[in-house]
Amino acid sequence: MDVTHPWLEDLTPPQRRAVTHDAGPLLVLAGPGSGKTRVITRRICHRIACGVAPWQILALTFTNKAAREMRSRIDALASGGGRQPRGLVMGTFHAFSAGVLRQHAEHSAAAGVAGHPLKPDFTILDADDARRALKQAITEVGLAKEQWRPGYFAEGISKAKDRLHTSSEFASEGNEFADRQCARVYAAYERILAKQNALDFDDLLLRTARMLRDDESVRTRLQERFAEVLVDEYQDTNHAQFTIANAIACVHRQICVVGDPDQSIYGWRGADISNILEFEERYPGATVVPLGENFRSTGHIVATADALIRRNGSRRHKDLTTSLGMGEMPVISSLYDELEEASHVAGCLEASRDAGVAWKQMAVLYRANALSRTIEDALRRRGIPHVIARGTAFYERREVRDTLAYLRAIANPADDLALSRIVNVPARGIGATSMERLESFASARMCSLSEALVACREVGITAKAAKSVDGLMAVIARFRSELEVKPASNLGPFVARLVEEAHLERAAADYGDDPTDAEERVANVQEVVNAATLFALPTREEGARAPTLGDALRGYLEAATLVADADMVDPERGSVTLMTLHASKGLEFDTVVIVGLEEGILPHSRSIESGEGIEEERRLLFVGITRCERRLHLTSAQNRTMRGLTMATIRSSFLRELPHEHCFSGEARRTVEYDEELPQYPVGSTVRSPFFGLGRVEGVGSRGAVTIRFVTAGVRTLYPKFAKLEIVATR
DNA sequence: TTAATTGTGGTTTTT
DNA sequence: CCACAATTAA
């Protein structure tokens with residue numbers, strides 16, 4: 001059988017059960033490193049082999065990267081004997097929802113809000129744009145921004161959207177003063193977005209979920225279209241996402257969800273862990289397949305992770321095992337401050353490199369992005385190639401956002417947010433006062449900002465400013481006129497010409513005062529041109545009309561908005577990866593260093609008030625530990641400088657929860673890292689021998705001999721000249 | 001009215 | 001430490 005079914009080869013019995021499970025709901029509880037991706041991809045191949053058409057399968061993932069990865073694995077399996085998965089729909093909830101909305105928005109009243117219908121060419125606002133719109137809403141409602149933080153409303157609105165409530169439903173919900181203010185801001189925010197035909201990230205899910213709930217024709221169509229639904233990372237889905245998947249799958253009940261409650265780390269974003277914990281209640285008769293065997297990490301690492309996660313009270317326990325042998329113990333080190341921590345990290349990475357591990361097989365993980373800078377500096381000084389996995393960072397840069405804002409203003413005439421961003425880019429003498437007048441003109445006439453700009457002569461701004469505005473609108477109009485007459489293949493040159501004619505390189509060069517940064521900014525603008533040139537629309541079904549330049553532009557803007565940090569991790573590069581613990585989910589590395597194990601950082605100070613918060617932080621560390629295949633280092637600093645203040649730290653309470661018998665604690669004492677004269681293996685440092693494993697240097701004898709107490713091999717005296725010792729940690 | 005300068009305040013994680 | 005806001009100079 002396996003000869004003709006390559007997708008069933010080398011699966012363990014439980015994996016095979018999950019892959020070949022036939023009818024009815026299926027929950028796969030996949031522990032770390034248990035072959036989760038393998039199960040999903042093989043299952044998709046298997047279902048196709050069983051006669052399900054690829055285009056009837058909907059697979060929802062958490063990141064674009066995961067979707068790409070799975071698709072390429074399926075393609076590879078298919079070329080080895082299976083059927084080509086043409087038409088398989090695979091993507092993030094957000095991207096899928098955007099597609100559904102673009103397709104059905106016009107025909108579904110349920111997609112609109114507050115009397116505004118949603119038009120299919122809507123713009124998707126990223127977090128920054130959403131924040132700007134929110135600030136505007138707060139001002140409109142007339143609340144003093146000294147007393148009300150935007151973050152408060154952002155959270156309230158986001159939670160309401162997750163419950164699928166629009167502003168009017170939210171208003172009838174709470175009666176507290178703060179709730180009423182929040183409802184007012186929500187309503188204003190909704191109006192601002194509706195007027196611009198824009199959606200934020202939460203809206204994509206909210207509108208799709210409501211449409212599926214309220215519009216029977218759309219619901220039926222999607223139910224008929226998708227005979228099979230798979231959801232990856234199910235522990236991190238929120239209520240809206242559950243509603244979407246459930247609405248499509250509830251009739252045929254061919255739903256397979258895969259996840260691990262112990263790796264749920266997005267509770268703060270509304271992820272509802274009960275989606276996975278209560279799957280069997282929601283789908284009676286569901287089959288559950290636990291996958292506990294870990295094929296990634298060696299024994300001490302698995303044991304450490306297991307001991308840690310057992311501390312969580314509310315969990316559904318599954319035994320974690322590995323057959324890879326015990327391997328080496330995780331090494332816990334405490335350093336004097338963040339600078340020494342960073343040097344120590346560099347040392348750990350170099351030691352792994354000396355042991356033959358490629359840079360790309362190593363990662364440094366941290367709780368918050370702010371911790372990356374010191375590490376990055378140290379790696380740069382030591383010449384260790386590295387990349388910071390902040391994928392969105394590129395799209396957050398001012399010059400990049402300006403270029404994209406031009407494109408958005410061209411693509412969507414109602415996009416006031418984009419337009420207001422570029423009105424004075426490059427600086428053309430339109431300041432705050434002129435903008436204020438233009439905006440109040442627009443709101444008085446009930447028209448868009450772009451219409452106000454066209455009519456700027458009537459607004460009463462200076463002649464010079466009006467002339468600049470005319471010039472800008474002429475450029476935008478000219479480019480806009482090309483959208484529906486030219487073919488999609490013209491996107492690259494189109495963007496290049498825009499950069500040229502709108503003088504965006506000059507604008508980029510003019511920011512700030514550092515000429516070296518200026519060069520980089522200009523290069524970033526060119527990078528947008530490159531990205532646009534390389535952008536390819538998904539292949540269309542046969543018989544569809546040829547895509548226009550406008551289609552390509554809208555597609556490109558959507559893709560640029562929906563990128564995630566994790567999407568940009570490129571394992572082919574020969575570099576160490578630096579990223580947040582959150583972004584590391586789903587990845588694996590030979591060597592992993594987790595830094596900043598201190599109270600207030602991990603667990604984070606914002607989480608320690610609640611038991612649930614602490615448990616999520618613990619899961620976060622669990623995720624980090626289980627990324628590691630063989631060499632794990634955990635570090636903390638005794639003093640840390642954050643936002644200009646140096647403070648003594650407290651070691652993370654999680655360190656106490658790690659099992660002594662499976663972890664090696666390097667003594668925490670001050671080192672003099674920078675002194676060249678230090679003996680090569682100072683007393684107290686931690687070393688690794690290829691024969692005896694980890695040990696601590698106890699003494700230095702004549703002719704460079706060192707006495708080492710090994711964890712497993714007792715005390716030995718070795719000559720470093722012959723013994724090939726690597727320093728794991730200086731004391 | 002705009003552009004540059006100094007001052008202040010606020011901090012997690014991300015589709 | 002950094003982004004943003006109010007203030008001041010041009």
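Values below: all heavy atoms of this structure, side chains included; hydrogens, waters and symmetry mates excluded. To find a chain, count down the sequence lines: A is the first, B the second, and so on, and within it residues start at 1.
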- Provide, to the nearest angstrom, the distance between the CD1 atom belonging to Ile594(A) and the P atom belonging to dT12(B). 21 Å

- Message: Nearest whole Å is fine: how far is dT12(B) P from Glu155(A) CD?
- Response: 12 Å

- Item | Per-pair stack call Phe93(A) and dT15(B), 5.5 Å, 30° | no

- Can you list, by residue number, the residues of residues 457-466 of chain A that have a non-hydrogen atom closer than 4.0 angstrom to DNA chain B? none

- Aromatic ring centroids of Trp268(A) and His604(A) under 6.0 Å? no

- Task: Can you tell me, in whole Å, how much space there is between the C1' of dA5(C) and that of dT12(B)?
- Result: 24 Å

- Task: Compare all side-chain heavy atoms of Glu140(A) with those of Ile192(A) and state whether any distance is below 4.5 angstrom.
- Result: yes

- Rounded interatomic separation in angstrom, taking CG from Leu204(A) and C1' from dT14(B): 14 Å

- Task: Check the distance between dT13(B)'s C1' and Glu233(A)'s CD and give it to me in whole angstrom.
- Result: 15 Å

- Task: May I ask whether His604(A) stacks on the base of dT12(B), given the cut-offs of 5.5 Å between ring centres and 30° between planes?
- Result: yes

- Task: Answer yes when Asp470(A) and Lys467(A) have at least one side-chain N-carboxylate O distance shorter than 4.0 Å, and no when they do not.
- Result: no

- Task: Check whether any side-chain heavy atom of Tyr186(A) sits under 4.5 Å from a side-chain heavy atom of Val141(A), and report yes or no.
- Result: no

- First encountered from the 5' end of DNA chain B, between Arg437(A) and Arg269(A): Arg437(A)

- Kindly point out which of dT14(B), dT12(B), dA5(C) is positioned nearest to the side chain of Lys135(A)? dA5(C)

- Task: Would you mind reading off the distance between Arg131(A) atom CZ and dA3(C) atom P, rounded to a whole angstrom?
- Result: 12 Å

- Using atom types as modelled and distance alone, determine if a side-chain donor or acceptor of Arg210(A) lies under 3.5 Å from a backbone N or O of Leu164(A). yes

